[in-house]
Amino acid sequence: MANNTPQAVRGTQDIFGADAEAFAFVVETFERVRKLYRFRRAEMPVFEKTEVFSRPLGETTDVVAKEMYSFEDRGGESLTLRPEFTAGIARAFITDGWQQHAPLRLATHGPLFRYERPQKGRYRQFHQINAEILGAAEPQADVELLAMADQLLKELGIADGVTLQLNTLGDPESREAWRAALVHYFAAHKDALSEDSQDRLDRNPLRILDSKDRGDIAIVANAPPIDDFLTAEAREFFCAVTSGLDAAGVPWQRNAQLVRGFDYYRHTAFEFVTDRLGAQGTVLGGGRYDGLIETLGGPHTPSVGWAAGIERLAMLVGDRAEAGPDLVIVVEDDAAATFGLKLMAIARHTGHSTELIASGSPRKRFDKAKKLDPRTIVVVDCHDGVPVPSFRKLADESFELEIRTLFEAVTP
RNA sequence: GCGAUCGUAGCUCAGUUGGUUAGAGCGCCGGUUUGUGGUACCGGAGGUCGGGGGUUCAAGACCCCUCGAUCGCCCCA
């Protein structure tokens, strides 16, 4: 192996073959389903001014300090490779005057970048599909968005073993009261908490709720639930979401421990979770982010969205074989090579995927053709110096006949 | 940032308690057989054993460092 070849950057992937087919299947299915739900397609920049991502998060968080791919351009401006879609879309909503389209349903997909240690289903350049409804305060928006996610997973054939976990974080008033009660409760049990969770108590107390530490889990079980702190409006909103899901036939499971780390999240939070992907069990996640667009200097714009990692979905989808060609043309005599090319051009122009085999040992060309698993094979040989096509009987006789008819009029 | 496991041919892997010129299967290339065919056989190309240093008469194997991969922790917008 050449030892002076540059290596691929850590956490990047070269996706090929069956993996690439599974990836494409996920994207194609998403594109089909989003049209059913009337989501409009958007193409967004891969990088933005750093502020677009850092401002909603708060400047000091780990996420901003350590997890973003930020760099200065030649003008000295700090730019960042997008670590998520939502912030860029929110920026565009403001700067491009998309208020006029509200409520706006948007779908997009593409690469995202986070500076993290790679592990199963986690990469530094990874890919997501993404759906948002901007400027919609009604719980019906949450329901539709979730229904779309549910249908997507079904059409991908991976809904089995995946459950929708649902929670509410309430409105800001509910959320603050709950947060205060949690801090109070965890502070009283501080000595029993794991070291990590003692840290979280200062930094991000809600995160103690999804600690993986056994001791923490026991303490969390008795923590005050959000339900005790919901305002009447917040309770009503959540009820509307759950009854809407029931009406739409979307099964869900309450997970009162499910939280979001950032303050702009309100009301609905959800994750579709599987037990088949090790530590990275979330297959699709999202929530309502009524506060986000304001933090970027826009008008109050209640919105809700989700994103899903294409790699993780592709892993669940499993290997997908690349389809064989319609036709393989085998040139057994090199003198017939040009005629083979002519036939191939005609076949392709009439919409048949076609490969030509005209190199290597002539004896082994037919075997190569068989291995491609085509619908039919045409062998081109020379009789008295004249190229002659002959047709090989495979299972698909009607298709063979179609090709035979197509080639009959062709002369060398 | 931390931890565990692992790096031998294009791919999947063998390689005994350290012991001559490092192996297999698949794939690739060529030949023989078959001759309406996916078979079988023969041959060939391809490896400074991830890299560097050390121990030893002798290292793919043992020790240290380093790079990379995988899985997990932290984090998760």
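Everything numeric here is computed off the predicted structure, so don't read it as measured data.
Applying the 4.0 Å criterion to OP1 and OP2 of B:C29, one finds that A:S361 has every side-chain N and O outside that range. For A:K212 and B:C73, the shortest distance from a side-chain N or O to OP1 or OP2 is below 4.0 Å. Put simply, A:K368 has a side-chain N or O that comes within less than 4.0 Å of OP1 or OP2 on B:C29. Put simply, A:R203 has a side-chain N or O that comes within less than 4.0 Å of OP1 or OP2 on B:C75.
Of the candidates B:G31, B:C75, B:C73, the closest approach to any side-chain atom of A:K364 belongs to B:G31. Here B:G72 is the nucleotide among B:G37, B:C75, B:G72 with the atom lying nearest to any side-chain atom of A:A279. Here B:C74 is the nucleotide among B:C71, B:G27, B:C74 with the atom lying nearest to any side-chain atom of A:R200.
The same atom, P, is picked in B:U70 and in B:C13; the two are 14 Å apart, to the nearest Å.
Because its NZ or CZ atom is not both nearer than 6.0 Å to the ring centre of A:F39 and within 45° of the ring axis, A:R34 does not count as a cation-pi partner of that residue.
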Which atoms of nucleotides 43-45 of chain B (N or O only) lie under 3.5 Å from a protein N or O atom, and what are those distances?
none

Find every protein N or O atom lying less than 3.5 Å from an N or O atom of nucleotides 65-69 of chain B, and list the pairs.
{"from": "B:A69", "atom 1": "OP2", "to": "A:R10", "atom 2": "NE", "distance (Å)": "2.9"}
{"from": "B:A69", "atom 1": "OP2", "to": "A:R10", "atom 2": "NH2", "distance (Å)": "3.1"}

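A:D367 places its CG atom 12 Å from the C1' atom of B:A40, with the value rounded to the nearest Å. Nucleotide B:U70 holds its P atom 11 Å from the CZ atom of A:R124, rounded to whole Å. For A:L57 and B:C75, the CG to P distance is 15 Å, given to the nearest whole Å. The nearest whole Å value for the distance from the CG atom in A:D196 to the P atom in B:C2 is 15 Å. Atom P of nucleotide B:C76 and atom CG of A:D263 are separated by 13 Å, given to the nearest angstrom. A:Q119 has its CD atom 5 Å from the P atom of B:G72, to the nearest Å. Separating the CZ atom of A:R117 from the P atom of B:A4 is a distance of 12 Å, rounded to the nearest angstrom. A:D199 has its CG atom 12 Å from the P atom of B:C74, to the nearest Å.
Taking the 5.5 Å centre cut-off and the 30° plane limit, the aromatic side chain of A:F366 is not classed as stacked on B:G38.
A donor-acceptor contact under 3.5 Å links the side chain of A:R363 to the base of B:U34.
Within the 4.0 angstrom heavy-atom criterion, no nucleotide atom of any strand lies near A:Y289. Residue contacts shown for A:N204 are limited to sugar-phosphate atoms, with no base heavy atom under 4.0 Å away. Residue contacts for A:E332: at a heavy-atom cut-off of 4.0 Å it reaches a base atom on one of the strands shown. If you check every strand for non-hydrogen atoms under 4.0 Å, A:F262 touches sugar and phosphate atoms only.
Under 4.0 Å is where a charged nitrogen must lie from a carboxylate oxygen, and between A:K154 and A:D150 at least one such pair does. Ion pairing between a basic and an acidic side chain is recognised when a charged N comes within 4.0 Å of a carboxylate O; A:E116 and A:K66 show no such pairing.
For an aromatic pair to be called close, the ring centres must be under 6.0 Å apart, and A:H127 with A:F23 satisfies this. Aromatic rings of A:F399 and A:H352 (six-membered ring for Trp) have centroids within the 6.0 Å cut-off, being under it.
Screening A:T242, A:V241, A:N167 for a side-chain contact (heavy atoms from CB on, under 4.5 Å) involving A:T268 leaves a single residue, A:V241.
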